[in-house]
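Here is the structure we will look at.
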Amino acid sequence: MCKTGTDIQEAVTYLLQGDIVAIPTETVYGLAGDATRSESVIRIYEAKERPSFNPLIVHIASVDEASKYTVHIPPILLRLASTFWPGPFTILAEKNTLIADPVTAGSPLVALRVPVHPMALELLHSLPFPLAAPSANLFGRISPTTAQHVAEQLQDRIPYILDGGPCSVGVESTIVKCNAEGEIVLLREGAITAAMIREITGKEPLQPDAARIEAPGMLKSHYAPIIPVRIGKLQEMAAEYDPTRIACLQFEGKVPIIPNARYTGILSPRGDLHEAAARLFALMHEAEASGADFLLAEAVPDTGIGRAINDRLHRASA
Ligand code: TXA
Ligand code: MG
């Protein structure tokens, strides 16, 4: 059993020792360790049971720190980072030798981001090193958006969970890289949308080559809950099941569309996509815990952060 608390100094003490701790960010909770120390990074992979070919995001305290851990950052990425940091935005840049090799799983590129969660920022400013931190879930499971979610999956494996309350964004950061032609490639959808990137660069970011897995987290089944997930019209899908066996995830409205379902989670009663994103993983955790055998989900409007929500739903259903 690990301890959960709000003591940043306690987290600092563990991290200085080379231990790993769960930390809040605005997107999802991260499982953090010293990104310059291989043994700490390996502990992260072990605790998550994450395959060692899937690299980790490195969290830094400020835009200025990015150059400390990289050989080169394409100017266009630096411009985007300066615009969206601190915030739910991650760039790939060529790493230098300070970043421990296991962090990038053999890639010359490191993923960098400055989180905006005040506790995460205070923690990063208190440490002499950056923090490698993937989402604090077991490999292939739903990302945690509360300290309680982390405890459910990892409490026997880590000494401390820094509790920063429920995550305000709720879906993982947008990840971009710059290709050989100097164009921006969107590797993972998040709260920083393609339209927001276009505002800065003047060009629509490219979608990743579907034939290649560019970020290993793009593995289709990356966000799967334990029960099978289907996406479609709730009424049509529900007709095929015993209602007491199904959990439903509905986008909006005050009343359940399937009144006798075992569980209904309404992402945002008033139909707000940001609220829906913030609640998505928590409701998926509840659906899983309800004892239902199937999760039926409605897609949300495919605009803005809705694209990231639909992306996570489709991965969960793969
Ligand atoms: O919002 C977030 O990004 C959260 C919080 C904790 O910051 N972190 C997160 O980490 O979602 P994780 O490990 O669950 O997802 C990181 C993604 C993975 O898909 C991984 O493959 C990709 O980033 N990634 C990391 N480093 C990479 C690299 N060097 N090259 C390509 N993809 C990389
Ligand atoms: Mg993850």
Side-chain angles (χ1 to χ4, degrees), residues 23-30 84 86-90 113 115-120 135-137 141-150 152 163-175 186 188-197 199 222-225 229-235 237 246-259 261-290 292 295-317:
I23 63 163
T25 83
E26 71 278 18
T27 58
V28 300
Y29 276 71
F84 298 124
F89 185 71
T90 298
R113 111 172 168 93
V116 72
H117 193 293
M119 265 180 153
S135 52
N137 51 283
R141 300 278 302 279
I142 305 167
S143 293
T145 52
T146 63
Q148 177 64 35
H149 294 156
V150 179
E152 282 162 16
D163 188 350
C167 302
S168 60
V169 174
V171 289
E172 301 87 345
S173 61
T174 302
I175 305 180
L186 189 55
R188 183 171 71 182
E189 308 248 14
I192 303 300
T193 61
M196 292 162 77
I197 292 169
E199 288 252 316
H222 194 70
Y223 303 88
V229 180
R230 276 181 66 189
I231 304 167
K233 295 233 182 313
L234 288 180
Q235 230 131 23
M237 293 189 296
I246 57 171
C248 295
L249 212 55
Q250 143 181 357
F251 170 47
E252 59 185 345
K254 301 257 172 332
V255 289
I257 294 173
I258 311 300
R262 182 179 200 98
Y263 169 89
T264 294
I266 303 178
L267 288 171
S268 170
R270 61 196 160 97
D272 177 89
L273 284 172
H274 287 278
E275 181 181 42
R279 286 161 51 76
L280 175 68
F281 291 142
L283 297 190
M284 284 172 77
H285 277 102
E286 283 181 16
E288 215 176 58
S290 73
L295 174 58
L296 308 181
E298 267 184 335
V300 304
D302 205 41
T303 59
I305 198 171
R307 289 183 59 84
I309 298 174
N310 288 335
D311 170 74
R312 304 311 189 267
L313 286 174
H314 280 106
R315 285 175 206 287
S317 74

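What's counted below: heavy atoms across the whole structure, side chains too, no hydrogens, waters or symmetry copies. No experiment lies behind these values; they were computed from the predicted model shown.
- Of the possible polar contacts, one joining the Y29 side chain to the G164 backbone as a donor-acceptor pair under 3.5 Å is found.
- When only modelled atom types and interatomic distance are considered, T25 and R113 share a side-chain donor-acceptor pair under 3.5 Å.
- Considering every non-hydrogen atom in both L313 and A299, the closest pair reads CD1-CA, 4.3 Å.
- Applying the side chain to side chain donor-acceptor pair (under 3.5 Å) test between S268 and each of E275, R279, E252 identifies E275 as the sole match.
- Here I197 contributes atom CD1 and F89 contributes atom CZ; the two are 5.0 Å apart, rounded to the nearest 0.5 Å.
- Listed by chain and number, the residues in a ring-ring contact (aromatic ring centres under 6.0 Å, His included) with H285 are H149 (sequence neighbours excluded).
- No side-chain donor from either of E172 and S135 sits under 3.5 Å from a side-chain acceptor of the other.
- Among all heavy-atom pairs drawn from D302 and N310, the shortest one is OD1-ND2, 3.0 Å.
- In this structure, CG in L234 is found 5.0 Å from SG in C248, a value given to the nearest 0.5 Å.
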For this session: Mind running salt bridge (Lys or Arg N to Asp or Glu O under 4.0 Å) on R141 and E288 for me, showing each step along the way?
Result: CA-CA 11 Å; R141 300 278 302 279; E288 215 176 58; 3.8 Å; yes

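- Distance CG/L267 to CE/M284: 9.5 Å, rounded to 0.5 Å.
- P88 and T27 get closest at one heavy-atom pair: CB-CG2, 3.5 Å.
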For this session: Determine, step by step, whether T193 and R307 satisfy the side chain to side chain contact (heavy atoms under 4.5 Å, CB included) criterion, reporting the C-alpha distance in whole Å, the side-chain angles of both residues, the deciding distance to 0.1 Å, and the verdict.
Result: CA-CA 8 Å; T193 61; R307 289 183 59 84; over 6 Å; no

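- The heavy-atom pair separating I257 from E298 by the smallest distance is CD1-OE2, 3.5 Å.
- A side-chain contact (heavy atoms from CB on, under 4.5 Å) with S173 is found for one member of T90, V28, I192 and no other, namely T90.
- In this structure, the separation between CG on L283 and CG on L295 is 10.0 Å, given to the nearest 0.5 Å.
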